[in-house]
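Below you'll find the structure, written out as structure tokens, and then a few comments.
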Amino acid sequence: MVRVKLPDGSVKEYHDGVCPREIAEGIGKRLAEAAVAATAEGQVVDLDRPLENGHDQPITLRILTSKDREALDVLRHSTAHVMARAIMRLFPGVRLAFGPTTANGFYYDVVVPGRSLSEDDFPAIEAEMARITKDAEPFERFTLPVDDARKFVADLGQAFKVEHIDDELHRYGVLSFYRQGEFVDLCRGPHIPHAGKVGAFKLLSIAGAYWKGRTDREVLQRVYGTAFFDKKDLDAYVAQVEEARKRDHRRLGRELNLFTISPLVGPGLILWMPRGATVRGILESFIKDELVRRGYQPVYTPHIGKIELYQTSGHYPYYRDSQFPTLKMPADSSAKELLDGLLAGTLDDEAQRMLLARAGIAERLPDHRTAADGHPVTGATRSYFEMGQAERIGYLEQTCDFEEYLLRPMNCPHHIQIYAAQPRSYRELPLRLAEFGTVYRYEQSGELSGLTRVRGFTQDDAHLFCTHDQVRGEFRTTMEMTQFFLDSCLGLSDYRVRLSRSDPDDPKYQGAAGDIWRRAEGDIRSVLDEMNLPYDEAPGEAAFYGPKADFIVRDCIGRQWQLGTVQLDYVLPERFGLQYIGPDNQPHRPVMIHRAPLGSMERFMGILIEHFAGAFPLWLAPEQVRVLPISDKVAEYAHTVHSRLLAAGLRAALDVRPEKIGAKIRDAQLEKIPVMLVVGAREAENQSVSYRDRQAGDQGAMPLDEAIARIKAESDSRRAPQAAAPPVAATTEETAADHTY
RNA sequence: GCACUGGUCGUCCAGCGGCGAGGACUCCGCACCCGUAAUGCGGCGACGUGGGUUCGAGUCCCACCCGGUGCUCCA
């Protein structure tokens with residue numbers, strides 16, 4: 001006997017081995033037809049899955065229909081099977097890897113022997129999928145003992161599945177399979193009852209992926225698609241993606257002249273155009289003012305530093321791969337002259353001989369025996385003067401002493417030098433040094449993306465030097481400041497907090513003794529708890545010098561980015577031997593907090609552009625108000641209005657083009673100018689303007705003074721109104737883990 | 001870095017191996033002097049770079065550069 005509790009609270013009894021389908025049929029024919037899957041004790045299961053009472057409690061059962069979100073995931077996973085089946089029909093010998101669902105659809109990793117798939121193949125695959133869904137064959141589950149299962153997939157020639165069983169699934173005694181017609185796949189399930197339930201699907205893209213995400217393993221082709229129960233939902237999704245595409249910061253950046261990237265300057269290096277620079281500048285001054293209020297002090301430090309600085313800090317060995325190569329400068333001026341001269345080809349042998357001697361390199365020549373006249377003589381090895389020019393340069397590069405500089409990948413070592421420049425007393429702490437510090441990191445070419453992943457960027461950085469007792473307080477106020485910037489001022493509240501911890505197995509964290517790390521992580525946790533900030537923990541994501549709390553936001557295409565970060569650091573003060581003199585007149589080690597509430601100005605601006613869909617609130621808008629004269633006849637008055645706006649400290653422009661007013665308004669709307677002041681003969685007569693709001697439209701005429709006061713009030717309020725409509729539907733997290741095989 | 005995909009006026013898109021490279025927007029000029037999302041006419045302006053195949057290459061092939069998507073990485 002099986003006892004089942006239904007969502008209405010009723011508990012019913014069924015025979016042993018009853019399946020959700022039977023229960024649905026018992027409830028009603030309509031429900032039975034609409035049923036897609038079920039949840040038993042919260043776990044999604046097939047309709048045909050026999051139910052068993054594990055204990056005395058009745059099983060909580062819910063029949064899922066197309067209205068339930070869980071059902072959509074099931075549908076998409078089944079559609080992934082349909083796609084794999086279609087691909088296998090079209091291309092013999094296809095090997096399958098993983099085929100999970102994602103937040104917005106599904107993918108399947110495949111290898112097509114002797115060929116690579118391209119999007120040109122989509123129509124054929126989709127046609128085959130349509131045939132399969134039309135046939136509406138059932139998904140049939142069966143199980144095999146693990147050894148038989150292994151042999152079964154091996155016989156199918158599915159090497160990846162064999163490896164997956166060997167690596168991870170062997171610990172389960174029994175593995176499940178799903179058969180649909182000729183197609184059988186190792187799969188945990190669950191699945192929809194039959195392929196006919198797939199109402200609408202679409203293949204989206206194709207990309208490369210590594211088997212098990214490992215660079216040293218096979219490259220697979222990942223085919224992305226999505227599916228819905230209803231064609232209408234698919235259409236809506238496609239429209240939504242299209243909408244998201246329109247607010248892509250790369251597109252808006254170009255359309256609104258905010259920034260550009262020139263291949264000649266270099267990929268991943270941002271050129272801020274006047275309008276973008278204006279927005280960024282306003283943001284920066286706003287932050288600077290807030291920092292002053294919170295006891296921060298400004299510093300400026302250079303963009304490069306000697307390599308020894310980074311060797312001391314520990315950055316150099318860890319992040320060697322993602323730094324720009326070092327800048328090398330001969331330490332000796334004669335050596336520099338010699339190298340420069342060789343490169344330019346302007347030095348004769350005599351001049352080189354002289355410079356060699358002056359730089360003290362002569363005695364380090366391959367044969368440094370010197371003849372009576374002081375000139376090197378030719379010995380068994382080739383002498384300098386037998387070398388070609390390129391060889392001479394190479395030789396000198398090996399022999400000279402160089403000063404090596406690094407384009408800085410981080411600001412902290414520079415700030416640390418400011419701390420270390422003088423003896424510090426506990427009375428000075430916490431010392432908060434702030435700088436919009438530009439850093440350079442050589443990101444892999446495939447990783448660059450608009451403003452969100454770049455090679456040169458400016459952090460709204462600061463380093464707090466404090467005592468152990470001050471750590472938690474400072475950490476907390478810093479977190480609160482970050483929230484203040486994001487929530488109250490920018491209306492950007494769709495973020496999550498991540499506690500990035502060390503991973504004890506990772507050698508990069510060896511430098512720190514266990515106690516210190518545990519303490520640091522404990523400090524962060526308790527502050528987050530105190531603040532009632534929900535967070536998740538990510539082991540192995542910490543910086544090499546300490547754990548951190550990161551603010552993660554999502555861009556309009558659903559990609560997640562780390563913005564603000566607050567990091568605790570007991571390591572760098574140690575490495576640099578930082579000290580302060582305590583009340584006991586003894587030296588003590590300070591603790592550092594690294595923090596950047598917005599992260600990088602580039603990435604933050606990218607997110608902000610998308611958040612507002614380019615329509616910045618008045619206080620941030622690069623052009624706040626535009627004067628639109630109806631005709632040339634009121635040009636003089638229009639100029640007066642413009643001057644008055646500028647004098648009031650507003651960012652104003654004047655459109656004197658010989659266009660009709662409709663065209664001027666349209667252009668201003670498209671450029672997302674918050675306020676338009678239309679002036680014609682009527683307005684010129686009585687010193688008024690016709691006020692048009694970007695959002696609300698024509699507001700009618702009002703005195704010029706009133707209009708100015710209104711704009712200024714709105715601007716000073718720093719309100720972030722209409723934080724544009726939410727982007728893509730991607731609101732649920734990845735569900736891939738639920739369907740790993 | 002790897003896989004796939006793309007690169008044509010400033011931007012967006014056309015362009016069967018026959019090109020004197022087409023359209024729209026922008027920009028410039030001229031006319032129009034206009035009342036809340038597009039006035040008309042004219043003009044300027046491009047085949048990413050380098051090789052190769054071919055009588056002939058924007059179009060086919062190769063390499064590189066740059067972009068997109070994803071993977072890997074991410075201080």
Side-chain angles (χ1 to χ4, degrees), chain A residues 102 107 109 111 116-121 204-224 245 248 250-251 254-255 257 260-264 266-268 310 313-316 318-319 321-323 408-413 439-450 453 457 459 461 500 508 541-546 548 550 557 559 561-562 565 567 569 594 596 599-600 628-635 657-671 676-683 690-694 697-701:
Chain A
T102 64
Y107 65 80
D109 286 345
V111 172
S116 65
L117 293 177
S118 83
E119 288 179 22
D120 295 341
D121 298 316
L204 299 174
S205 65
I206 192 161
Y210 296 102
W211 167 237
K212 298 204 164 178
R214 278 168 43 188
T215 326
D216 55 336
R217 295 301 306 268
E218 293 90 332
V219 173
L220 316 169
Q221 287 198 285
R222 180 164 295 180
V223 186
Y224 283 87
R245 217 171 60 82
D248 189 314
R250 292 165 293 192
R251 180 195 179 102
R254 191 174 51 233
E255 286 174 359
N257 292 321
T260 188
I261 299 171
S262 155
L264 207 52
Y310 294 97
S313 72
H315 291 99
Y316 188 69
Y318 285 127
Y319 304 113
D321 291 346
S322 50
Q323 281 158 186
R408 68 173 171 197
M410 301 205 79
N411 301 311
C412 32
V439 297
Y440 299 88
R441 301 174 186 179
Y442 194 84
E443 304 290 355
Q444 298 183 50
S445 59
E447 208 26 81
L448 299 175
S449 176
R453 193 73 186 266
F457 57 95
Q459 298 175 312
D461 211 354
S500 298
K508 105 175 181 185
E541 292 293 324
F544 75 88
Y545 48 73
K548 53 183 186 162
D550 297 323
I557 336 179
R559 291 179 300 195
W561 300 98
Q562 179 191 314
T565 178
Q567 317 181 345
D569 180 4
H594 307 235
S600 95
L628 309 178
I630 301 269
S631 86
D632 281 357
K633 286 178 180 162
V634 289
R657 294 173 306 161
E659 293 292 343
K660 288 175 71 173
I661 192 65
K664 291 184 183 181
I665 287 171
R666 178 184 146 84
D667 289 342
Q669 286 286 154
L670 291 178
E671 289 174 55
M676 290 156 252
L677 298 182
V678 177
V679 295
R682 295 201 296 266
E683 288 79 6
S690 176
Y691 192 108
R692 184 187 167 91
D693 180 272
R694 162 179 68 185
D698 190 1
Q699 304 291 293

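Convention: sequence-line order gives letters A, B, ...; per-chain numbering from 1.
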Original post:
How about A/Arg692 and A/Ile665: do any of their side-chain heavy atoms sit closer than 4.5 Å?
Top reply: yes

Original post:
Got a sec: does the NZ of A/Lys212 have more than 12 other heavy atoms crowding it under 6.0 Å?
Top reply: yes

Subject >> All ring pair (Phe, Tyr, Trp, His ring centres under 6.0 Å) counterparts of A/Phe457, not counting sequence neighbours >> reply: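 A/Phe457 satisfies ring pair (Phe, Tyr, Trp, His ring centres under 6.0 Å) with no other residue.
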
Length of the line joining [X]:[atom1] and [N]:[atom2], which is rounded to integer Å:
X: A/Arg214; N: B/G1; atom1: CZ; atom2: C1'; answer: 17 Å
X: A/Gln444; N: B/G70; atom1: CD; atom2: P; answer: 16 Å
X: A/Met410; N: B/C74; atom1: CE; atom2: C1'; answer: 12 Å
X: A/Arg453; N: B/G68; atom1: CZ; atom2: C1'; answer: 16 Å
X: A/Leu264; N: B/G67; atom1: CG; atom2: C1'; answer: 16 Å
X: A/Trp211; N: B/C71; atom1: CH2; atom2: C1'; answer: 14 Å
X: A/Glu671; N: B/A37; atom1: CD; atom2: C1'; answer: 13 Å
X: A/Asp109; N: B/C71; atom1: CG; atom2: C1'; answer: 9 Å

**OP:** Could you check A/Tyr545 against A/Gln567 for side-chain hydrogen bond (donor to acceptor under 3.5 Å, both in side chains), going step by step and ending with a plain yes or no?
**Re:** CA-CA 9 Å; A/Tyr545 48 73; A/Gln567 317 181 345; 2.4 Å; yes

Taking atom [atom1] in both [N] and [M], compute the distance separating them and give it to the nearest angstrom.
N: B/A63; M: B/C4; atom1: P; result: 11 Å
N: B/C44; M: B/C30; atom1: P; result: 16 Å
N: B/A38; M: B/G6; atom1: P; result: 38 Å
N: B/A46; M: B/U8; atom1: C1'; result: 6 Å
N: B/G40; M: B/C33; atom1: P; result: 16 Å
N: B/A14; M: B/A21; atom1: C1'; result: 10 Å
N: B/C25; M: B/C66; atom1: P; result: 34 Å
N: B/G10; M: B/U26; atom1: C1'; result: 7 Å

**OP:** Give a yes or no on whether the backbone of A/Pro409 and the side-chain of A/Arg441 come within a donor-acceptor separation of less than 3.5 Å.
**Re:** yes

**OP:** Could you tell me whether a side-chain N or O of A/Gln459 sits under 3.5 Å from a main-chain N or O of A/Ala596, the two making a donor and an acceptor?
**Re:** no

Just call it for [X]: base, sugar-phosphate, or nothing, with non-hydrogen atoms closer than 4.0 Å on any strand.
X: A/Gly680; value: base
X: A/Ala681; value: base
X: A/Gly450; value: sugar-phosphate

Nucleotide forming a Watson-Crick or wobble pair with [N], both distances under 3.5 Å:
N: B/A14; result: none
N: B/C2; result: B/G70
N: B/C30; result: B/G40
N: B/G58; result: none

**OP:** For B/G68, take OP1 and OP2 only and decide whether either is under 4.0 Å from a side-chain N or O of A/Arg250.
**Re:** yes

Original post:
Would you say A/Arg254 reaches B/C12's phosphate, i.e. side-chain N/O to OP1/OP2 under 4.0 Å?
Top reply: yes

**OP:** Taking only the side-chain heavy atoms of A/Arg222 (C-beta and beyond), determine which of B/G70, B/C66, B/G35 contains the nearest atom.
**Re:**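 For the A/Arg222 side chain, the nearest candidate turns out to be B/G70.
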
Original post:
If you check the A/Ser205 side chain, which of B/G35, B/G1, B/U69 turns out closest?
Top reply: B/U69

Original post:
Base, backbone or nothing for each nucleotide of nucleotides 27-34 of chain B, written B, S, -, heavy atoms under 4.0 angstrom, 5' to 3'?
Top reply: -----BBB

Taking only N/O atoms, report every protein-nucleotides 2-6 of chain B pair under 3.5 Å with atom names and distance.
residue, atom, partner, partner atom, Å
B/C2, O4', A/Tyr210, OH, 3.3
B/A3, N3, A/Gly208, N, 2.9

**OP:** Can you measure from CD (A/Glu659) to CG (A/Leu628) and round to the nearest 0.5 angstrom?
**Re:** 12.0 Å

Original post:
What distance do A/Leu448 atom CG and A/Tyr442 atom OH have between them, rounded to the nearest 0.5 Å?
Top reply: 8.0 Å

**OP:** On the 0 to 90° scale, with breaks at 30° and 60°, tag the A/Tyr107-A/Tyr224 ring pair as parallel, tilted or perpendicular.
**Re:** tilted

